[in-house]
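Everything below concerns the one structure shown next.
Nothing fancy with the numbering, it's 1 onward along the sequence.
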Amino acid sequence: IADNLEVTLEANPGTLSLQYLEELRRIGINRLSLGMQSMVPEELKLLGRQHDTIDVIKTINWARRAGFENINLDLIFGLPGQSIKSWKRSIEIAEKIHPEHFSLYSLTIDPGTLLERWYKGGLLPVIDNDKTAEMYEWAGERLENSGYKQYEISNWAKYGDEGLMMCHHNLQYWKNKPYLGFGAGAHGYARKMRVANVASIDEYIIRCTHRTEVKFPRSPATFSEDIIDYANEMAETMIMGLRLTREGISDSTFYHRFGKTLLEMYHQEIDELIHWGLLEWVGEDKTRAIRITKKGRILGNQVFIRFV
């Protein structure tokens, strides 16, 4: 295990105690990611969250006392009926808590959820995409002015003793590198295969207790698997890598992985996206990379779909 191993726990404010946080820190968890989502009570209620602003502040204070020096806050924008004023208030309050990392996500209404039924039933205001884009741009500028650096479409970090405090496990996904999934419902990706475990905890325990012989990266708990072929691996590398706003995708790294340069594979797509102002080349020779522009960050899906 690496000396600088980063171990992240995701949690909701209001579900943690000081004693529990101290115990987590004692066993080696050194990064905390809190689903703050909003500082506005009505918005939290809409999202089905049980915590309030006091819970967030209390949890952060306990985490600091327990020894956590790397904390992320998740916030959601683009909610039905959300005003730019309320979004600004959430960011401004969150800044005063001084987390090392921010993750800001535009609302995705998942199929089969209560929120989807309300939205499709006309019980909620229509989401304003232009306002959502304005929220994103304002937050990015605000966080940059406060010392946070954007390194991924939805993520900002401060500098620490060892550099920018980026989320290490997420970097593994964005660079399309292998990762293992343990536990009920977990997903993994290794040896050109994506696997998913059974979602039922009881079924997971049964499968792991009565082990069967399987070949890695499968496990007794594997429920489904997909073989990622050469073309899909390249496409996923583009889609994930272009989310990295600072470094993008290195031409030399891509060549060493696939035996072809970016232009050999995606000349037309890259040229068109550069023409539209959504992608740009940075660096020269060995450091040359293609990355998404500020305009492209808002229109990310229009960029990614070109590589599917």
Side-chain angles (χ1 to χ4, degrees), residues 10-16 33-57 59 72-94 102-140 142-143 152-156 170 173 181 183-187 194 196-204 223-224 226 239-240 243 278 295-306 308:
E10 294 191 5
N12 288 322
T15 65
L16 302 169
S33 183
L34 293 174
M36 171 182 150
Q37 315 308 3
S38 172
M39 284 294 193
V40 180
E42 292 78 17
E43 293 173 0
L44 289 171
K45 193 175 293 184
L46 176 66
L47 293 167
R49 303 290 169 157
Q50 303 299 314
H51 67 268
D52 57 24
T53 303
I54 301 300
D55 290 326
V56 175
I57 296 170
T59 300
N72 170 65
L73 292 180
D74 274 352
L75 283 90
I76 296 179
F77 62 98
L79 303 174
Q82 184 180 31
S83 69
I84 292 176
K85 183 179 179 181
S86 75
W87 170 240
K88 288 182 177 181
R89 174 170 169 75
S90 286
I91 292 290
E92 287 164 357
I93 295 174
F102 273 103
S103 295
L104 310 181
Y105 297 110
S106 177
L107 177 69
T108 299
I109 299 180
D110 293 322
T113 60
L114 181 62
L115 196 59
E116 184 201 36
R117 293 199 294 275
W118 286 350
Y119 191 69
K120 285 191 171 180
L123 300 176
L124 298 172
V126 175
I127 294 172
D128 186 332
N129 289 329
D130 288 335
K131 187 190 290 183
T132 299
E134 189 177 339
M135 290 177 184
Y136 177 79
E137 288 183 320
W138 179 87
R142 171 82 185 204
L143 292 179
E152 194 271 345
I153 283 181
S154 300
N155 289 273
W156 287 257
N170 278 341
Y173 310 146
H187 291 241
R194 186 176 292 112
N197 291 343
V198 290
S200 163
I201 294 175
D202 290 340
E203 179 67 15
Y204 180 84
F223 173 72
S224 67
D226 290 304
I239 291 167
M240 300 302 289
R243 294 189 61 89
L278 304 179
K295 178 182 176 183
R297 295 171 198 177
I298 291 182
L299 300 170
N301 286 343
Q302 299 303 316
V303 175
F304 307 144
I305 199 171
R306 300 286 290 147
V308 176

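For the pair A133 and I298, the tightest heavy-atom approach, listed with the atom from each and the gap, is CB-CG2, 4.0 Å. Closest approach of A199 and A184 over heavy atoms only: O-CB, 3.5 Å. Nearest approach of A11 to L16, heavy atoms of both residues: CB-CD1, 3.8 Å. For the residue pair M36 and L44, the shortest heavy atom distance occurs at O-CD2, 3.5 Å. The two residues R117 and G112 come nearest to each other via the heavy atoms NH1-O, 3.7 Å. Nearest heavy-atom pair across Y119 and V126 is OH-CA, 3.6 Å.
The side chain to side chain contact (heavy atoms under 4.5 Å, CB included) test with L107 is passed by exactly one of L46, T132, L115: L115.
S33 places a side-chain heavy atom less than 4.5 Å from the side chain of D74. Side chains of T59 and V56 form no contact here, defined as non-hydrogen atoms less than 4.5 Å apart. A heavy-atom distance below 4.5 Å is found between the side chains of R142 and E92.
Side-chain N or O atoms of N72 include one that pairs as donor or acceptor with a backbone N or O of S103 at under 3.5 Å. Here the side chain of Y105 pairs no donor or acceptor atom with the backbone of S154 at under 3.5 angstrom. A donor-acceptor contact shorter than 3.5 Å is absent between the side chain of D226 and the backbone of R194.
L47 CG: more than 12 foreign heavy atoms inside a 6.0 Å radius. The 12-atom threshold is exceeded at CG of L123, counting heavy atoms of other residues, nucleotides or ligands nearer than 6.0 Å. A 6.0 Å sphere centred on CD of Q50 holds no more than 12 heavy atoms belonging to other residues, nucleotides or ligands.
Taken to the nearest 0.5 Å, the CD atom of Q82 stands 4.0 Å off from the CD atom of E43. The CE atom of M240 sits 8.0 Å away from atom CD of E152, with the distance rounded to the nearest 0.5 Å. From R89, atom CZ reaches atom OG1 of T53 across 7.0 Å, with rounding to the nearest 0.5 Å. To the nearest 0.5 Å, atom OG of residue S86 and atom CD1 of residue I91 are 10.5 Å apart. The CG atom of L73 sits 12.0 Å away from atom CD1 of I93, with the distance rounded to the nearest 0.5 Å. Here the CG-CG distance, from N155 to L104, works out to 8.0 Å after rounding to the nearest 0.5 Å.
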Apply side chain to side chain contact (heavy atoms under 4.5 Å, CB included) to the pair L143 and F102, showing each step before the final yes or no.
CA-CA 9 Å; L143 292 179; F102 273 103; 3.8 Å; yes
Please report the C-alpha distance between I153 and Y136 in whole Å, then the side-chain angles of each, then the deciding distance to 0.1 Å, and finally whether the side chain to side chain contact (heavy atoms under 4.5 Å, CB included) criterion is met.
CA-CA 10 Å; I153 283 181; Y136 177 79; 3.8 Å; yes
Assess the residue pair E116 and D110 against the criterion (side chain to side chain contact (heavy atoms under 4.5 Å, CB included)); give the C-alpha distance rounded to whole Å, side-chain angles, the decisive distance to 0.1 Å, and a yes or no.
CA-CA 7 Å; E116 184 201 36; D110 293 322; over 6 Å; no
Trace of the side chain to side chain contact (heavy atoms under 4.5 Å, CB included) decision for S90 with V40:
CA-CA 7 Å; S90 286; V40 180; 4.0 Å; yes
